[in-house]
Amino acid sequence: MNIRPCTPNDAPVICDIYNYYIKNTVITFEEELLTKECILQRIKSYCSKYPWLVLENDSGDVVGYAYGAPWTERSAYQHTVEVTVYLHYLEGGKGYGSALYRQILALLAGGGFHAVVARIALPNEASVKFHEALGFTKVAHFTEVGRKFDRWIDVGCWQAML
């Protein structure tokens with residue numbers, strides 16, 4: 001596997017990976033499929049301050065990505081970052097997510113960030129175990145704050161210090 005910085009050329013495959021989760025899961029609360037142009041704009045808007053990484057499998061295909069984003073826009077939160085990872089839906093269980101997270105956490109720590117937060121739509125036992133194995137601790141639980149596929153969804157926040 002190879003982890004490298006995201007480039008604009010990665011937007012189409014990132015779009016494909018992410019749109020699967022929009023269409024089929026409550027992992028993301030987005031409901032409308034995105035275009036590669038929209039993904040490209042997100043990459044451009046965040047990459048100046050936050051890392052975006054892609055993971056290529058042994059065949060050189062991009063099968064996952066991770067990125068940092070602002071936790072919130074207020075200036076006092078500038079040292080806190082939200083992290084997200086997505087893998088192609090057929091590529092789980094191969095250690096790709098852990099590899100991406102370890103790399104992005106190292107970059108964030110070296111970039112002057114102090115705290116990292118991950119939001120998890122609940123229930124999601126696999127994601128909870130994943131984050132806790134990487135040193136995250138649950139710090140919040142919001143009841144029925146999202147609605148997708150005609151059902152209410154809870155969200156938990158997990159945090160790690162860098």
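Predicted model only: the values in this text are computed from it and were never measured.
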Please check if atom NZ in K23 has more than 12 non-hydrogen atoms from other residues, nucleotides or ligands closer than 6.0 Å. no
Measure across [X] and [Y] and return the closest heavy-atom pair with its distance rounded to 0.1 Å.
X	Y	answer
G68	Y50	O-CB, 3.1 Å
I153	A121	CG2-CB, 3.9 Å
A69	V81	O-CG2, 3.2 Å
C6	I14	SG-CD1, 3.6 Å
A160	G135	CB-O, 3.9 Å
V54	P5	CG2-O, 4.3 Å

Sequence neighbours left out, what pairs pass salt bridge (charged side-chain N to carboxylate O under 4.0 Å, His left out) with at least one residue falling in residues 25-46? E30-R42
R4 meets the salt bridge (charged side-chain N to carboxylate O under 4.0 Å, His left out) criterion, sequence neighbours left out, with D10, E56
List the residues meeting salt bridge (charged side-chain N to carboxylate O under 4.0 Å, His left out) with K94, not counting sequence neighbours, and say none if there are none. E91
With sequence neighbours left out, write down each residue that passes side chain to side chain contact (heavy atoms under 4.5 Å, CB included) with D154, or none if nothing qualifies. L122, H141, T143, E144
Report yes if some heavy atom in the side chain of [X] is under 4.5 Å from a heavy atom in the side chain of [Y]; otherwise report no.
X	Y	result
I104	V116	no
L134	W158	no
H88	Y96	no
L87	I17	no

How long is the straight-line distance from [atom2] of [Y] back to [atom1] of [X], given to the nearest 0.5 Å?
X	Y	atom1	atom2	answer
T80	L108	OG1	CG	11.0 Å
L105	F113	CG	CZ	12.0 Å
L100	M1	CG	CE	8.5 Å
S45	L40	OG	CG	10.0 Å
N124	F130	CG	CZ	11.0 Å
S98	Q103	OG	CD	13.0 Å

Hey, what else clusters with W71 if you join Ile, Leu, Val, Met, Phe, Trp, Tyr whenever side-chain heavy atoms sit under 4.5 Å? Y77, V117
Same cluster or not: [X] versus [Y], using hydrophobic residues (I, L, V, M, F, W, Y) connected whenever any side-chain heavy atoms lie under 4.5 Å apart?
X	Y	answer
L90	I27	yes
L34	V26	no
L33	I39	yes

Looking only at atom types and distance, does a side-chain atom of D61 sit under 3.5 Å from a main-chain N or O of V63, one as donor and one as acceptor? no
K148 side chain vs T28 backbone, donor-acceptor pair below 3.5 Å: yes
For V85, run the side chain to side chain contact (heavy atoms under 4.5 Å, CB included) check against Y65, Y101, Y67 and tell me which one passes. Y101
Return each pair, listed once, that meets ring pair (Phe, Tyr, Trp, His ring centres under 6.0 Å) where at least one residue sits in residues 5-49; pairs must be two or more places apart or across chains. Y18-Y86, Y20-Y89, Y21-Y86
